[in-house]
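Single-structure report; data block below.
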Protein chains: 2
Amino acid sequence: MPRRARPARKRRAAETTAAAARVFAERGYHGATTQDIADVLGIRQASLYYYFRSKEAALEEVCLDGVGAYVARAAAIMRGPGSAADKLAQLVRHHIAPWRDRADFTRVFLRERHNLPDASRHRVGRYARRYERIFQQVLEAGVAAGEFRRDLDCRIATLGAIGMCNAASAWYGVEPGATLERIAGVFAALLLEGVRTPMMRRTSARSGARRRG
Amino acid sequence: MPRRARPARKRRAAETTAAAARVFAERGYHGATTQDIADVLGIRQASLYYYFRSKEAALEEVCLDGVGAYVARAAAIMRGPGSAADKLAQLVRHHIAPWRDRADFTRVFLRERHNLPDASRHRVGRYARRYERIFQQVLEAGVAAGEFRRDLDCRIATLGAIGMCNAASAWYGVEPGATLERIAGVFAALLLEGVRTPMMRRTSARSGARRRG
DNA sequence: TGCGGATTCTATCGCGGTATAGAATGGAGC
DNA sequence: GCTCCATTCTATACCGCGATAGAATCCGCA
């Protein structure tokens, strides 16, 4: 097993992607220069091109890095046990949780992916759409089960919920007192109450979903 | 009244700002070139500099254009008559309404203002903070009046609500069936229910807010 | 027709940014 | 020590963009 250089390269490649994520997150794709990324790594600008063949390729790498796992975990929540309300709360928590140590990647994915050329933008966008669908399916299941309001517009509610969560990525870390737990708690409460069937409330909520025969 | 050239110039200046807004909205500040803006207007790139002295100045102009009135109207809603719930619904509607014909300006304000140099960014940011405060005050008034949940974290709820509304600017016009009225309706319902005091519901909500004096 | 201000033009400077070519370095294993 | 390969380097081509200078044009009005 004379493998040694390969893992080293892999590790360095991950560092490179992380550096790109950080710089893109800070200055935006067009505002960031390859020189900036090189500075973070302590190497020369031209040396970057050993790791990616263009700036756009670096952006795609950052955007794709992690979202796969992201979507997979959301799907697991959807398929898992629990009421629709439980799942919604889990989704919100799960959506926000990764920001603790991967905020850069999330921000770049959210705010810079539209700078990608068509082909890779579509590749990346597929994940976003799949994620939305999962979210929406949870809401629809809740409506079908009578947990959520029958007249709920699941599509727009989904986009609203995701948008609310995403927006927090802009001020998390800046807004004092806004920990991830607190944000997730407030948002989950807001959405759950906002979505719930009017009559069954708190008092009867414990017994689960009835109504709908 | 020998005024003729002055109004002409004014009109052209507004067109220039609108062109900049459109281009910045489409490609992002750094992704847009002054040439792109000139193309929209059908003039030469250098001719733009008759209207603004730098690209950054154009961005600031776009960002400031209209937000003053925006904040003023929100303040009017806050000070006006009605329950906190009414006001919240009005705020949501008012927040989304201008997108019909001024979507570019809003998008640029939301997504590009961070590219401004410090001085103008602070000038622009002041409006955003004032707007947030208005929104938050309405929520706090609702809590004080007993309309909204006592345990509501008004700060985070405010940021969440605004974030939800703002996010819609990204997909309004793309998402089929998502008219402004529909979006506003769904969001308002979501937020109102999410914020309301558990006991008093629908039935007693119409009688409005008393209690407080 | 000619004045004068507003507007747009041509021409160009100079910088900074992406990307390529090919040489140098450095460490693991024979 | 020598080889091989990964990694990083130096040097540079190339171009697009923002901005300036100053001339030309357009137009209302006396």
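Only this structure's heavy atoms are used, side chains among them; waters, hydrogens and symmetry mates stay out. The model shown is predicted, which means the values in this text are computed figures rather than measured ones. In what follows, chains carry the letters A, B, and so on, assigned in the order in which the sequence lines appear, proteins first and then strands, with residues in each chain numbered from 1.
Listed nucleotides C:dT8, D:dT8, C:dA19 differ in distance to A:Arg12; the shortest reach to its side chain belongs to D:dT8. When each of D:dG18, D:dT20, D:dA19 is scored by its nearest atom to the side-chain atoms of B:Thr33, the top-ranked nucleotide is D:dG18.
One atom, CD1 of B:Ile43, and another, P of D:dC26, lie 16 Å apart when rounded to the nearest Å. The distance from atom CZ of A:Arg53 to atom P of C:dT20 is 10 Å, rounded to the nearest whole Å. Atom CD of A:Gln45 is separated from atom P of C:dC15 by 18 Å (rounded to the nearest Å). Separating the CZ atom of A:Arg44 from the C1' atom of C:dA24 is a distance of 14 Å, rounded to the nearest angstrom. Rounded to whole angstrom, the span from the CG atom of B:Asp39 across to the P atom of D:dC17 amounts to 10 Å. Atoms OH (A:Tyr50) and C1' (C:dT20) sit 17 Å apart, rounded to a whole Å. Residue B:Asp36 contributes atom CG, which lies 13 Å from atom P of D:dG16 at whole-angstrom precision. A:Leu48 places its CG atom 11 Å from the C1' atom of D:dT8, with the value rounded to the nearest Å.
If you check the side chains of B:Glu132 and B:Gln136, you find no donor sitting under 3.5 Å from an acceptor. Residues A:Asp36 and A:Thr33 bring a donor and an acceptor atom of their side chains to less than 3.5 Å of each other. If you check the side chains of A:His122 and A:Arg129, you find no donor sitting under 3.5 Å from an acceptor.
Contacts of B:Ala38 with the nucleic acid, taken as non-hydrogen atoms under 4.0 Å apart, are absent. In this structure, B:Ala32 reaches the sugar-phosphate backbone alone: every heavy-atom distance under 4.0 Å involves primed, P, OP1 or OP2 atoms, never a base.
For C:dT8, one of the phosphate oxygens OP1 or OP2 lies less than 4.0 angstrom from a side-chain nitrogen or oxygen of B:Tyr51. Within the structure, a side-chain polar atom (N or O) of B:Ser47 is placed less than 4.0 Å from OP1 or OP2 of C:dC9. In this structure, A:Thr34 reaches the C:dT18 phosphate: one of its side-chain N or O atoms is under 4.0 Å from OP1 or OP2.
A:Leu192 pairs with exactly one of A:Val92, A:Leu88, A:Asp86 by the side-chain contact (heavy atoms from CB on, under 4.5 Å) rule, that one being A:Leu88.
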**Request:** Show your reasoning for whether ring pair (Phe, Tyr, Trp, His ring centres under 6.0 Å) applies to B:His30 and A:Tyr29.
**Result:** CA-CA 8 Å; B:His30 287 293; A:Tyr29 175 70; over 10 Å; no
